[in-house]
There are 2 protein chains.
Amino acid sequence: MVTQRDVAQRAGVSVRTVSNVINDFAWVADETRARVQAAVDELGYRPNLLARGLQRGRSGLIALVLPLDVQYFHDLASAVVDEAERRGFTVLIERTAGNPARERDLVTRPERASLFDAIIFSPLTLDDTELRHQPGDTPVVLLGEKPTGRGFDRVIMDDAAAAEAVTRHLLEQGRTRIAAIGQPARPAGRTAQHRTRGYRRALAAAGIDFDPALVGGIRSFQRADGAAAMARLLDAGPPPDAVFGYNDLLALGALRTLLSRGIRVPDDIAVAGFDDIEDGRYSTPTLTTIAPDLPRLAGHTLDLVQRRLDGYDGRPTTRRTGWTLIARESTGVAKAPQLEH
Amino acid sequence: MVTQRDVAQRAGVSVRTVSNVINDFAWVADETRARVQAAVDELGYRPNLLARGLQRGRSGLIALVLPLDVQYFHDLASAVVDEAERRGFTVLIERTAGNPARERDLVTRPERASLFDAIIFSPLTLDDTELRHQPGDTPVVLLGEKPTGRGFDRVIMDDAAAAEAVTRHLLEQGRTRIAAIGQPARPAGRTAQHRTRGYRRALAAAGIDFDPALVGGIRSFQRADGAAAMARLLDAGPPPDAVFGYNDLLALGALRTLLSRGIRVPDDIAVAGFDDIEDGRYSTPTLTTIAPDLPRLAGHTLDLVQRRLDGYDGRPTTRRTGWTLIARESTGVAKAPQLEH
């Protein structure tokens, strides 16, 4: 087996220099780097990252662990990967699908965590009690409002305020019977609770009574659930004049049901979603939605990671990211500008 | 630092038994497992996966390296993760975004590869010359038709045949001026070349001359590119009576342009895509498309991985996966059944 010593001998440099090149440290002169690289190639030297991880204690890898079950999480992952790459990290993404067992694995099996310099984790079902175990010494940054995540650095968004803004926007368009689709049947995610809270707050501020008959239950946050919930609402009684889907997929599913029944959107029923996935920018009509500030979320997240890697071991910090209400055709607002060719 | 020896002593078992429990081997009795687990918890023992990797040579991890830039790759990733989990592997996903430098990294920096039991790789830009280096001893399975991937196990789909089927379907609906959107400007992916080949084969079989004026160029396979290419085609001359987008995103972008100009789909212009992403099942009109058999693709892929891990070191194998043409409203076929409430 070829060792770093062999490479050093062949390249006429010290073993430390070989190590510096292999670790991609910036301070090695280009010509030295080239000579070492040539020796590596000639000898077929292959550094072992497992061994290097043990030596250095740093792998350059960050784990991003998230449900990845709906488009929003793909967009979120994309923003985090972009930002991490800018800072020289490689991100490996692990899908939990919100599966409690897989989420628990992450926090209770620290041997996996030791592969990574840090873990960015968006838990869907884990509660505070289960999250109390930090996975070993690996820094963890939590994304999202659930659970409260005491003891962890985390980045959150004010879901309730954003949901309130969507509902107020629908009220401002003169709608008064505003259905809400997104409350899961099983006692679930705080996301839905926060959005319901915002929805009810806007109704209350407008002096409109909350009507449980206008709440469409779902099993998951997918298009099929939005389509089915919309159908049930239409079949159950007098139709709403607006629908707020707790994510864009639910709203797009509802939209499909409405259009396939010949109901005009927004004329008869306005539709709004949440997440600003690309789909809603190209649907007909285009979809009014909330756009979370994902680049900022990613920036905050990597700041918190970097601070821990730099040695900070003080109290955990919570940072907030912003959002924008984007009004489009589905609530009666003019065509999306990007399509005005 | 707590060692396996300490755990063994506390649990009253051998060090080998502790190791078996930590490695999750199936043959340990439940009560023994529980006793070891209790000792692990009491002592706060933390196995080091890096050290374990060196010992065992197996990490239980598979890397899935793919562009992840369009929805199709999310669906593909989901199918592979599902199948791998069924077989007891954990998949870590790395996004290349089709970036040549990142793709090259994978094959030229074997230290990363050594973390994984196997690598599943869907290259977008790498050619055969660059792919000739196997990353160390880690088995690699290639996904997709490009590059030819000599020397690697791989799983492919007959893109040209599927594209031919879409075009033939449009011809069967009486369309004769069939535009094709999906040929990248830069000399790129074989996927587009294969689909163009199938498109032209169907035209030729119907005795229709290929018309370069009906080819819509793109920069990437995104909705915005489809929308812009459609607008250019409409502005350039006599409109087509059908459009084949080389993926669903391009087709959905084209659909948006058509509808926003008041053009009826499919009455005036029929639209078809490729990939069967969920979006096209809920758009209005629903989108005719090709559905690749992703579960089968994932099954083949994991079979090839498993065979290498079981010690097979014979010649590389190519396996094929199938596809289905799904006709929906956008080409004049009845509403999608899943929405018939």
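Values reported hereafter were calculated over all heavy atoms of this structure, with side chains retained and with hydrogens, waters and symmetry mates removed. To find a chain, count down the sequence lines: A is the first, B the second, and so on, and within it residues start at 1.
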Verdict with reasoning, B:D276 to B:R328, per salt bridge (Lys or Arg N to Asp or Glu O under 4.0 Å): CA-CA 11 Å; B:D276 190 30; B:R328 299 202 184 102; 2.9 Å; yes
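- Partners of A:R232 by side-chain hydrogen bond (donor to acceptor under 3.5 Å, both in side chains), not counting sequence neighbours: none found.
- With respect to the salt-bridge test (charged N to carboxylate O, under 4.0 angstrom), the residues A:E278 and B:R256 do not qualify.
- Heavy-atom pairs under 4.5 Å with chain B were tallied for A:L252, A:D82, A:D69, A:L68; the largest tally goes to A:D82.
- Checked for salt-bridge contact, B:D268 and B:R261 miss the test: no charged N lies under 4.0 Å from a carboxylate O.
- Of the two parts of B:V81, the backbone and the side chain both hold a non-hydrogen atom closer than 4.5 Å to a non-hydrogen atom of chain A.
- Heavy-atom pairs under 4.5 Å with chain B were tallied for A:D279, A:T284, A:L255; the largest tally goes to A:D279.
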